[in-house]
Amino acid sequence: MFAKKTMSGNKTFTIIKPDAFEAGYTGPIIQKIEEAGFNLKNMRLIRLDQESAGKFYAIHKEKPFFGRLCDYMCSGPIIVIQLEKENAVEDFRKLIGATNPEDAEEGTIRKLYATSIEANAIHGSDSDENAEIEINFFFS
Ligand code: UDP
Ligand code: MG
């Protein structure tokens, strides 16, 4: 019944980052997410501390931008959201656009709301495995 193609998951995870929250873009961003067919399964407004930001972005520990990224992610409130949709990870990455808003396609959330490669408005999980890890990180 199921084709050989690997089944993709239906869960992903997002963060409305401090720049977007501060600018008042939470409402419009959530509207775009829902209009794209994602269901909100869990959502919290939180503020990260350095330790949690470092753990969340541990994969980027050796990158030159790591320290600044952690400072930025701790600079104000954020919204963390668990999302559900068929093919969630891939479809959500398409919806948010490229990491650098200058490279993001028209109509994507980063094109519309991001200001720089660092302050790029929104996070999206990059794989089913990481979606699971990130959801458990914030909602366990
Ligand atoms: N980032 C940055 N400088 C860079 C690359 C990334 O400040 O040169 C920040 C940016 O906020 C990005 C996050 O680090 O969203 C994680 O980087 P990643 O390459 O995983 O991009 P994403 O998966 O968020 O598109
Ligand atoms: Mg990433």
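All ligand and atom numbering here is 1-based and tracks the order in the structure.
The proximity of Lys17 to ligand 1, defined as any non-hydrogen pair under 4.0 Å, is limited to the side chain. Under 4.0 Å from ligand 1, the heavy atoms of Asn120 that appear belong solely to its side chain.
Rounded to the nearest 0.5 angstrom, Leu48 CG and Lys55 NZ are separated by 11.5 Å.
Aromatic ring pairs are classed by plane angle as parallel below 30°, tilted from 30° to 60° and perpendicular above 60°; the pair His123 and Tyr57 is perpendicular.
Under the 4.5 Å side-chain heavy-atom criterion for grouping Ile, Leu, Val, Met, Phe, Trp and Tyr, Phe137 is connected to Val80 within one hydrophobic cluster. Residues Tyr72 and Phe65 are members of one and the same hydrophobic cluster, defined by side-chain heavy-atom contacts under 4.5 angstrom among Ile, Leu, Val, Met, Phe, Trp and Tyr.
Residue contact check: Arg93 has heavy atoms under 4.0 Å from atoms 22 (P), 23 (O), 25 (O) of ligand 1.
With respect to atom 17 (O) of ligand 1, the closest heavy atom belonging to the protein is His60 NE2, 3.4 Å. Annotation: atom 25 (O) of ligand 1 to nearest protein heavy atom, Thr99 OG1, 2.5 Å. When hydrogens are left out, the protein atom nearest atom 10 (C) of ligand 1 is Ile117 O, 3.2 Å; that is the closest non-hydrogen contact.
Of the N or O atoms in Glu118, one or more lie within a sub-3.5 Å distance of an N or O in ligand 1. Between Arg110 and ligand 1, an N or O atom pair is found at a separation short of 3.5 Å. Distances between N or O atoms of Tyr72 and those of ligand 1 include no value under 3.5 Å.
The closest approach between any non-hydrogen atom of Leu69 and ligand 1 is below 4.0 Å.
Taking the six-membered ring for Trp and the full ring otherwise, Phe138 and Phe13 have centroids separated by under 6.0 Å.
Relative to the ring axis of Phe38, Lys85 places its NZ or CZ within 45° and under 6.0 Å from the centre.
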Can Gln50 and Asp71 be said to form a side-chain hydrogen bond (donor to acceptor under 3.5 Å, both in side chains), step by step? CA-CA 7 Å; Gln50 283 285 342; Asp71 289 347; 2.7 Å; yes
